[in-house]
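Following: one structure in structure tokens, then a few remarks.
Residue numbers count from 1 along this sequence.
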Amino acid sequence: VLVDTSGSMRIEECNLSLSSIADILKTFPSCEVTLMQCDQRLIQEDDGNFEKFDSHTMPQEIDREWKGRGGTDLSPAFEYIGHRRQEYGWVACVSDMEWAVSDCPNPGIPVIWMAVRDIDSDAHTPRFGSVVQLS
């Protein structure tokens with residue numbers, strides 16, 4: 001699950017990704033979900049990895065510090081995922097879609113865009129994947 005942590009994303013909108021992860025793990029209890037944060041850069045943990053959750057390790061309450069909070073360009077995250085697509089089966093991207101989404105590189109695996117707001121222009125409409133509205 002890739003979370004847009006740019007400054008235009010409200011904390012409540014970022015937090016929607018956590019309930020989405022919990023829902024994914026309830027639906028697919030044998031999978032592991034990687035949480036990635038990106039604003040204009042892909043943000044990794046201090047050890048260079050990303051936080052991972054499975055149905056046994058997903059806490060009920062997560063005190064989350066969303067990192068980044070700058071401008072928006074999730075392309076670095078999609079490029080990273082595309083170079084490692086054998087490690088990931090799919091991408092769910094939680095975003096306000098208020099960036100040049102149409103310029104984003106296709107990672108070559110299924111993508112679900114989880115829009116936290118209405119998409120208001122063609123530039124904010126992805127060229128690949130499926131879009132769902134989160135509420």
Side-chain angles (χ1 to χ4, degrees):
V1 173
L2 172 60
V3 182
D4 173 352
T5 60
S6 66
S8 63
M9 286 281 288
R10 295 187 294 267
I11 296 300
E12 304 81 43
E13 293 170 332
C14 291
N15 287 342
L16 284 173
S17 65
L18 301 175
S19 58
S20 296
I21 290 172
D23 290 344
I24 291 165
L25 292 172
K26 285 178 193 168
T27 305
F28 304 101
S30 62
C31 81
E32 179 179 73
V33 176
T34 302
L35 175 63
M36 295 182 180
Q37 299 181 47
C38 187
D39 58 359
Q40 293 177 328
R41 63 185 175 85
L42 185 57
I43 301 158
Q44 295 175 296
E45 298 293 317
D46 293 336
D47 62 4
N49 293 311
F50 300 102
E51 202 165 1
K52 295 181 187 293
F53 299 100
D54 63 31
S55 59
H56 304 292
T57 61
M58 182 73 186
Q60 295 297 323
E61 297 287 325
I62 300 176
D63 186 21
R64 170 73 46 226
E65 175 188 356
W66 297 106
K67 299 174 183 173
R69 313 305 295 152
T72 317
D73 182 3
L74 303 187
S75 294
F78 279 95
E79 288 170 2
Y80 177 91
I81 293 164
H83 287 117
R84 292 161 184 80
R85 64 179 160 255
Q86 69 280 0
E87 297 175 33
Y88 304 103
W90 46 268
V91 179
C93 180
V94 178
S95 177
D96 59 12
M97 311 299 274
E98 293 184 11
W99 57 288
V101 177
S102 63
D103 295 338
C104 187
N106 187 334
I109 58 175
V111 175
I112 299 172
W113 298 92
M114 303 171 85
V116 298
R117 300 184 201 151
D118 291 333
I119 297 174
D120 62 3
S121 77
D122 287 343
H124 299 162
T125 302
R127 293 177 292 112
F128 56 88
S130 302
V131 179
V132 296
Q133 188 72 42
L134 272 187
S135 56

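- Atom CE of residue M114 and atom CG of residue L134 lie 4.0 Å apart, to the nearest 0.5 angstrom.
- Side-chain atoms of N49 and Q44, non-hydrogen and from C-beta on, never get closer than 4.5 Å to each other.
- D23 CG: more than 12 foreign heavy atoms inside a 6.0 Å radius.
- For F28 and W90, the ring centers are positioned 6.0 Å apart or more.
- Side-chain atoms of D39 and S6 include no donor-acceptor pair closer than 3.5 Å.
- For D46, the CG atom is loosely surrounded, since the number of other residues' heavy atoms within 6.0 Å does not exceed 12.
- In this structure, V131 and I119 have side chains that are in contact, with non-hydrogen atoms separated by less than 4.5 Å.
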field: Evaluation steps, side-chain contact (heavy atoms from CB on, under 4.5 Å), between I21 and M58
entry: CA-CA 8 Å; I21 290 172; M58 182 73 186; 3.7 Å; yes
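- Within 6.0 Å of CD1 in I109 there are more than 12 heavy atoms belonging to other residues, nucleotides or ligands.
- Using a 4.5 Å heavy-atom threshold, the side chains of M9 and V116 count as touching.
- V94 is not listed as a side-chain neighbour of E13, based on a closest heavy-atom distance of 4.5 Å or more.
- Both cation-pi conditions hold for R64 and W66: the charged atom is under 6.0 angstrom from the six-membered ring centre and inside a 45 degree cone around its axis.
- L2 contributes atom CG, which lies 13.0 Å from atom CD1 of I112 (distance to the nearest 0.5 angstrom).
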task: Mind running side-chain contact (heavy atoms from CB on, under 4.5 Å) on T72 and S8 for me, showing each step along the way?
output: CA-CA 8 Å; T72 317; S8 63; 4.0 Å; yes
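- The backbone N or O of F53 lies less than 3.5 Å from no partner atom in the side chain of T57, so there is not a single donor-acceptor pair.
- To the nearest 0.5 Å, atom CG of residue N15 and atom CZ of residue R10 are 12.0 Å apart.
- Taken together through direct or relayed side-chain contacts under 4.5 Å among Ile, Leu, Val, Met, Phe, Trp and Tyr, F50 and L18 form parts of separate hydrophobic clusters.
- Put simply, the side chain of M97 does not reach to within 4.5 Å of the side chain of R117, judged on heavy atoms.
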task: I would like to know whether C38 and K67 meet side-chain contact (heavy atoms from CB on, under 4.5 Å); could you show each step before the answer?
output: CA-CA 8 Å; C38 187; K67 299 174 183 173; over 6 Å; no
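- Nearest heavy-atom pair, S121 versus T125, reported as atom, atom and distance to 0.1 Å: O-OG1, 3.0 Å.
- For the pair I24/C31, a side-chain contact is recorded, criterion being any heavy-atom separation below 4.5 Å from C-beta on.
- Stacking of R84 on the aromatic ring of Y88 is not recorded, the 6.0 Å distance cut-off and the 45° axial limit not both being met.
- With hydrophobic clusters built from ILVMFWY side chains whose heavy atoms lie under 4.5 angstrom apart, M36 shares a cluster with F128.
- Atoms CD1 and CG, on I81 and N106 in that order, are 11.0 Å from each other to the nearest 0.5 Å.
- Residues I43 and V33 do not share a hydrophobic cluster, defined by chaining ILVMFWY side chains whose heavy atoms lie under 4.5 Å apart.
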- request: Could you walk me through whether V3 and V1 pass the side-chain contact (heavy atoms from CB on, under 4.5 Å) test, one step at a time?
  value: CA-CA 6 Å; V3 182; V1 173; 4.2 Å; yes
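- Counting heavy atoms from C-beta outward, L74 and C93 have side chains that approach closer than 4.5 Å.
- Rounded to the nearest 0.5 angstrom, D4 CG and Q40 CD are separated by 10.5 Å.
- A distance of 6.0 Å or more separates the ring centres of W99 and F78.
- With values rounded to the nearest 0.5 angstrom, Y80 atom OH is found 14.5 Å from R85 atom CZ.
- Using a distance-only test at 3.5 Å, with no hydrogens or angles considered, a donor-acceptor pair links the side chain of R127 to the main chain of C104.
- Contact check for P105 versus E79: side-chain heavy atoms found under the 4.5 Å cut-off.
- Heavy-atom contacts from other residues, nucleotides or ligands closer than 6.0 Å to NZ of K52 number more than 12.
- Without hydrogens or angle criteria, Q133 side chain to A115 main chain gives a donor-acceptor distance under 3.5 Å.
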